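Below is one structure, written out as structure tokens; the observations come after it.
Below, chain A is the first sequence line, B the second, and so on; all start at residue 1. Fair warning: this is a prediction, and the values are worked out from it, not measured in the lab.
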Amino acid sequence: MPILEVRNIRKTFDRTEVLKGIDFTLEKGESLSVIGSSGSGKTTLLRCLNFLERPDAGSITVNGEVLLDCSDPSTLNESQIRRKRLHFGLVFQSFNLFPQYTALQNVMLAPELHAKEEHVHNFDREALREEAAGIFADIGLYDRMNNYPHQLSGGQQQRVAIARALILHPDILCFDEPTSALDPELTGEVLKVIRKLSEQNTTMIIVTHEMEFARDVADKVIFMDGGIICEQGNPRDVFNNPREERTRQFLSRYSQK
Amino acid sequence: MDTILEQLPVVIGALNVGFLQTLKLFAVTLLGAFPLGLIIAFGSLSKIKAVSVATQFIIWIIRGTPLMIQLLIVYYFPGLVLHNPIWGGGEQGRFLAASIAFIINYACYFSEIYRGGIQSVPVGQYEAGLVLGMTKGQIFRHVTLLQMIKRIVPPISNEIITLVKDTALARIIALQEIIWAGQAFMKGSHGISGAIWPLFFTAFYYLVFNGIVTVLLAGLERKLDYFR
Ligand SMILES: Nc1ncnc2c1ncn2[C@@H]1O[C@H](COP(=O)(O)OP(=O)(O)OP(=O)(O)O)[C@@H](O)[C@H]1O
Ligand SMILES: [Mg+2]
């Protein structure tokens with residue numbers, strides 16, 4: 001059984017259809033790269049998966065549980081959405097760290113609030129702290145975790161954002177162009193962290209314009225164009241022998257750069 | 001005729017009484033206008049068109065007319081037009097009327113500052129909270145509130161400093177605040193008349209009070225300087 005099944009997702013903004021029926025599945029431990037030109041609907045797809053946008057049609061199933069099915073009103077209940085979106089994590093292009101908290105506090109805030117809300121009496125703050133510290137060690141920021149976001153470089157901030165998503169143990173971690181807001185010399189450190197996560201078999205969906213990275217790291221690639229999946233498959237096939245003319249054109253534009 | 005030195009204790013005593021009334025009006029206005037301003041801000045940001053338009057209309061009226069007129073209307077309207085002088089004739093009634101006029105007026109100014117503060121927090125902060133599974137309330141309290149406060153402290157400080165001086169307007173409905181107390185010695189009070197120097201003393205009270213308020217607010221601003 002795939003960990004994620006996306007069926008016929010459609011989304012229209014002010015009469016323009018941005019997603020025109022997206023279908024794909026993802027197996028546990030796989031990483032999926034989503035490529036495609038600007039405006040093709042990549043961000044909208046990730047936002048639908050994270051319940052930041054409500055699709056007009058389609059279904060999202062995680063581990064066999066139907067999280068959302070637009071034809072079944074019982075799955076659209078607002079009060080359930082908060083629990084459902086925790087199946088997914090999302091790392092934004094612009095990091096969106098909370099400026100008033102240190103890196104460590106950014107990472108610990110959500111799990112602390114969840115514990116408080118669920119009245120966990122024996123909540124072990126120290127254990128959470130240690131787990132967070134472990135993640136900071138993994139991403140190479142152990143000595144910076146008491147810094148505030150404005151004291152960190154963009155690459156460091158984005159790594160903290162990844163840590164903040166990881167600590168909630170999402171089933172599927174999504175990245176929306178995680179390096180696009182970074183100076184070229186800082187992209188490497190972020191890509192290295194994502195590569196490492198992939199080696200540890202973290203299930204991921206990565207929207208990216210880093211073609212080389214997509215080819216090397218992903219188990220599967222989706223090329224989107226005009227709100228549909230134009231082509232999908234394993235990276236070797238899609239990058240070396242694209243079946244669709246549009247994929248070929250898109251890739252050749254990139255290889256010229 | 002007594003010398004100024006002999007009159008001084010009497011004058012200071014009367015000014016202190018007036019100043020206490022000034023201080024009370026200042027404090028009550030802030031206590032009322034801070035929360036009321038937030039409610040008005042939410043009203044003007046409401047997704048229900050009728051609510052936001054109505055709220056913005058009220059804000060426009062209050063900010064577009066002098067506080068002095070608002071004071072007079074709040075104080076005299078019930079008695080002269082409704083034939084129901086709800087404030088009574090005493091100092092307590094005048095204080096109540098002044099408080100209400102000041103609270104409404106300042107709440108409208110604060111609401112616009114709050115609104116700017118709310119809108120200045122990037123939507124990405126809110127979405128980051130959502131994605132981490134926080135409730136709207138948690139996001140407001142733990143993520144956006146402090147960022148809002150940081151952005152509104154400087155403009156709110158300006159309003160607070162203006163309020164220190166605006167309290168003097170309450171004299172128009174004969175509230176016995178410090179300038180009223182100082183002016184009384186021109187007309188004659190406590191056996192002193194034709195003396196203008198007590199009025200200069202009131203200016204000194206304002207300077208000291210404003211100095212203290214300014215220093216406190218600058219301290220708050222500095223305290224929030226630790227993040228960007
Ligand atoms: N909230 C919205 N309201 C109206 N239109 C929107 C909204 N969000 C996205 N769109 C439109 O939907 C289309 C797809 O946008 P989307 O951000 O998903 O593209 P993308 O593939 O992520 O592009 P990029 O590579 O530039 O990030 C665009 O034409 C965009 O203008
Ligand atoms: Mg995008």
Side-chain angles (χ1 to χ4, degrees), chain A residues 43 46-47 49-53 78-103 105-118 147-152 157 160-161 163-170 173-176 181, chain B residues 34 38 41-42 45-49 51-52 110 113-157 216-228:
Chain A
T43 296
L46 287 191
R47 290 175 62 84
L49 293 178
N50 283 274
F51 298 86
L52 293 176
E53 266 354 307
E78 277 293 328
S79 63
Q80 304 272 322
I81 283 181
R82 205 157 59 85
R83 183 187 58 79
K84 289 175 178 175
R85 62 159 58 99
L86 284 174
H87 287 286
F88 294 88
L90 178 58
V91 174
F92 298 87
Q93 186 174 342
S94 50
F95 334 134
N96 297 352
L97 291 182
F98 305 137
Q100 71 266 46
Y101 296 123
T102 64
Q105 288 168 338
N106 261 278
V107 171
M108 288 176 65
L109 178 66
E112 274 175 340
L113 290 176
H114 295 326
K116 200 178 343 164
E117 199 183 348
E118 286 150 25
N147 283 81
Y148 287 94
H150 76 268
Q151 300 167 321
L152 299 172
Q157 288 187 54
V160 175
R164 185 173 70 171
L166 282 175
I167 200 144
L168 294 173
H169 306 289
L173 183 52
C174 305
F175 296 83
D176 189 8
Chain B
F34 279 139
L38 196 59
F42 286 140
L45 287 168
S46 170
K47 289 198 189 88
I48 307 164
K49 196 85 191 152
V51 174
S52 73
F110 286 171
I113 294 173
Y114 288 154
R115 191 161 72 112
I118 292 170
Q119 288 175 332
S120 72
V121 178
V123 66
Q125 292 289 307
Y126 178 71
E127 292 186 341
L130 284 181
V131 166
L132 294 169
M134 297 185 201
T135 63
K136 284 181 186 169
Q138 287 171 336
I139 295 171
F140 179 71
R141 285 193 303 278
H142 297 279
V143 177
T144 43
L145 182 62
L146 195 63
Q147 297 181 45
M148 252 182 71
I149 291 175
K150 182 185 170 72
R151 288 181 175 90
I152 66 178
V153 163
I156 289 269
S157 298
L216 287 177
L217 290 170
L220 179 61
E221 214 171 308
R222 222 170 316 109
K223 230 183 152 71
L224 290 169
D225 239 10
Y226 76 92
F227 72 88
R228 301 233 171 95

Original post:
What are the two closest non-hydrogen atoms of A/Pro99 and B/Phe227, and how far apart are they?
Top reply: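 Looking at all heavy atoms of both residues, the shortest contact is O-CB, 3.1 Å.
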Subject >> Minimal non-hydrogen separation, A/Phe98 against B/Gly129, with atom names >> reply: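 So the minimum-distance heavy-atom pair works out to CZ-N, 4.1 Å.
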Subject >> Closest-packed option against chain B by number of heavy-atom pairs under 4.5 Å, given A/Pro111, A/Ala110, A/Pro149 >> reply: A/Ala110
**OP:** For chain B, find which of A/Leu113, A/Leu97, A/Leu90 contributes the most heavy-atom pairs closer than 4.5 angstrom.
**Re:**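 Most heavy-atom pairs under 4.5 Å with chain B: A/Leu113.
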Subject >> Residues which pass side chain to side chain contact (heavy atoms under 4.5 Å, CB included) with A/Leu173, listed by chain and number, not counting sequence neighbours >> reply: A/Val91, A/Ala165, A/Leu166, A/Pro170, A/Phe175, A/Leu197, A/Met204
Pairs table: donor-acceptor atoms between chain B and chain A closer than 3.5 Å:
from     : atom 1 : to       : atom 2 : distance (Å)
B/Gly124 : O      : A/Asn96  : ND2    : 3.2
B/Gln125 : NE2    : A/Leu97  : O      : 2.8
B/Glu127 : OE1    : A/Arg47  : NH1    : 2.9
B/Glu127 : OE2    : A/Arg47  : NH1    : 3.2
B/Glu127 : OE2    : A/Arg47  : NH2    : 2.8
B/Leu132 : O      : A/His114 : NE2    : 2.9
B/Gly133 : O      : A/Arg82  : NH1    : 2.7
B/Gln138 : NE2    : A/Glu117 : OE1    : 3.4
B/His142 : O      : A/Gln100 : NE2    : 3.4
B/His142 : O      : A/Tyr101 : OH     : 2.5
B/Val143 : O      : A/Gln100 : NE2    : 2.7
B/Gln147 : NE2    : A/Gln100 : OE1    : 3.3
B/Tyr226 : OH     : A/Gln100 : O      : 3.0

